[in-house]
Chemist: 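Got a structure here, written out as structure tokens. Questions coming.
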Amino acid sequence: MLIFIVNFARNIKETMKKIAFIICIVGSLIETQSASAQAFDDGANVVSIGFGLPASKRVVGDIKDFYYNDKNFKSEYKLTNIGTLVLKYEHGLHKYFGLGLNLEYSASKASFKYQNSITGPEYAAAVKRNIIGGFLRFNAHYPLEKFDIYGGAGLGYLYTLDKYTTTNPIEAVDKNQSTKIFNFDYQLTIGARYMIKDNIGMFFEVGRATTICQLGIAFKF
């Protein structure tokens, strides 16, 4: 009986040592994981610079309808969009949530030709459009060691400036016109960020914004 008790005590002691060892290993792994650099974390600041294509319909879709709507006498419509430049800032409110600001700039040009009548003289016209957007963003994040998968929504405004010029020979026509539009808009996008180094990475986003796709460089500090 005494031998059984001694062996039982020894087994308990060895089992406790193994449990303590496992706890130490797991604890060290958790500590190492939390200490390693994350792509996004509480208190993190991320500045991103990027470029987006193609332009959404809100950027270029109504140029043709607004300036080029005489269906009887039109030809050679051409639209060019250089894409959208984006500047983003986000602050980590929590490991899984961030609040930020998006600034965006897009430029487009449409050129086309008219006729005053079926047999009348043909003339050219062009519209240069510049759009500046500002959005307050809220993002939800799923950060890993090097990857950050996120999605969010933004509310803001688009300021549109159109400059219309024409060679219409009719004297009553204003040859140079400017139109300014200030519209409320929103964004819904998902994206991912990969950190090449602890403070430098690449990002990619898709969704409802001034462009369908965006990509660029991210700096975390």
Chemist: Roughly how far, to the nearest 0.5 Å, is CG of D148 from CZ of F203?
Modeler: 12.5 Å
Chemist: Does a donor on one side chain and an acceptor on the other come within less than 3.5 Å for E90 and N139?
Modeler: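 Indeed, the side chains of E90 and N139 share at least one donor-acceptor pair under 3.5 Å.
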Chemist: Under 3.5 Å, sequence neighbours excluded: what are the donor-acceptor pairs made by side chains of residues 204-212?
Modeler:
unit_1, atom_1, unit_2, atom_2, d
E205, OE1, T189, OG1, 3.3
E205, OE2, Y150, OH, 2.9
R208, NE, Y186, OH, 3.4
R208, NH1, D185, OD1, 3.2
R208, NH1, Y186, O, 2.6
T210, OG1, E104, OE1, 2.5
T211, OG1, C213, O, 3.2

Chemist: Is the backbone N or O of A124 less than 3.5 Å from a side-chain atom of T166, with the two atoms forming a donor-acceptor pair by type?
Modeler: yes
Chemist: Identify the heavy atoms of A153 and L188 that sit nearest to each other, and give their distance.
Modeler: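 Of all heavy-atom pairs spanning A153 and L188, the closest is CB-CD2, 3.6 Å.
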Chemist: Side chains of L53 and N81: closer than 4.5 Å at any heavy-atom pair?
Modeler: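 L53 reaches N81 side chain to side chain.
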Chemist: Do Y194 and L215 land in one hydrophobic cluster if side-chain heavy atoms of ILVMFWY residues count as linked below 4.5 Å?
Modeler: no
Chemist: Would you say Y142 has more than 12 foreign heavy atoms packed within less than 6.0 Å of its OH?
Modeler: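 Counting neighbours around OH of Y142, 12 or fewer heavy atoms of other residues, nucleotides or ligands fall under 6.0 Å, so no.
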Chemist: If you measure only the distance, is there a donor-acceptor pair under 3.5 Å linking the side chains of Y105 and N130?
Modeler: yes
Chemist: Got a second to check how far F182's CZ is from L161's CG, nearest 0.5 Å?
Modeler: 13.0 Å
Chemist: May I ask you to test the K180-Y159 pair for a side-chain heavy-atom distance under 4.5 Å?
Modeler: yes
Chemist: Looking at every heavy atom in both G92 and D42, which two are closest together, and how far apart are they?
Modeler: O-OD1, 3.4 Å
Chemist: Are F221 and V47 close enough that some pair of their side-chain heavy atoms sits under 4.5 Å apart?
Modeler: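 SC-SC contact between F221 and V47 confirmed.
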Chemist: In the structure I gave you, are the side-chain heavy atoms of L99 and H91 within less than 4.5 Å of one another anywhere?
Modeler: no
Chemist: I want to check something: taking the side chain as every heavy atom from C-beta on, are Q187 and R137 in contact at a cut-off of under 4.5 Å?
Modeler: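 With C-beta onward as the side chain, the pair touches.
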Chemist: Should the pair F184 and Y157 be assigned to parallel (<30°), tilted (30 to 60°) or perpendicular (>60°) ring geometry?
Modeler: perpendicular
Chemist: I'd like to know if R129 pairs up with D162 as an ion pair, taking the criterion as any Lys NZ or Arg NE/NH1/NH2 lying under 4.0 Å from an Asp or Glu carboxylate oxygen.
Modeler: yes
Chemist: Looking at side-chain heavy atoms only, is the closest gap between I49 and I217 below 4.5 Å?
Modeler: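 Of all side-chain heavy-atom pairs linking I217 with I49, none is under 4.5 Å.
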Chemist: Answer with yes or no after comparing the ring centroid distance for H141 and F40 against a 6.0 Å cut-off, counting only values under it.
Modeler: yes
Chemist: Using a distance-only test with no angle check, is there a side-chain donor-acceptor pair under 3.5 angstrom linking N45 and Y89?
Modeler: yes
Chemist: Determine the minimum heavy-atom distance between P143 and K95, stating which atoms define it.
Modeler: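 Closest pair (atom of P143, atom of K95, distance): CG-O, 3.5 Å.
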Chemist: Evaluate the side-chain proximity of F219 to I200: yes if any heavy-atom separation is below 4.5 Å, no if none is.
Modeler: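 Contact flag for I200/F219 side chains = yes.
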Chemist: Identify the heavy atoms of L136 and G100 that sit nearest to each other, and give their distance.
Modeler: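 The answer is CD1-O, 3.3 Å.
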Chemist: Hey, what do you get for NZ (K78) to CZ (F112), rounding to the nearest 0.5 Å?
Modeler: 14.0 Å
Chemist: How long is the straight-line distance from CD1 of I131 back to OG1 of T84, given to the nearest 0.5 Å?
Modeler: 8.0 Å
Chemist: Can you tell me if I190 has over 12 outside heavy atoms packed within less than 6.0 Å of its CD1?
Modeler: no
Chemist: Could you tell me the separation between the OG atom of S111 and the CG atom of L79, rounded to the nearest 0.5 Å?
Modeler: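 Atom-to-atom, S111:OG and L79:CG are 8.5 Å apart.
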Chemist: How far apart are the closest heavy atoms of A39 and K146, and which atoms are they?
Modeler: CB-O, 3.7 Å
Chemist: Supply the atom-to-atom distance L158 CG to S56 OG, rounded to the nearest 0.5 angstrom.
Modeler: 8.0 Å
Chemist: Set out, in order, the CA-CA distance, both residues' side-chain angles and the distance that settles side chain to side chain contact (heavy atoms under 4.5 Å, CB included) for D41 and K220, then state yes or no.
Modeler: CA-CA 10 Å; D41 207 342; K220 183 171 73 72; over 6 Å; no
Chemist: Please name the pair of heavy atoms, one in F51 and one in V86, separated by the smallest distance, quoted to 0.1 Å.
Modeler: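 In this case the closest contact between F51 and V86 is N-CG2, 3.9 Å.
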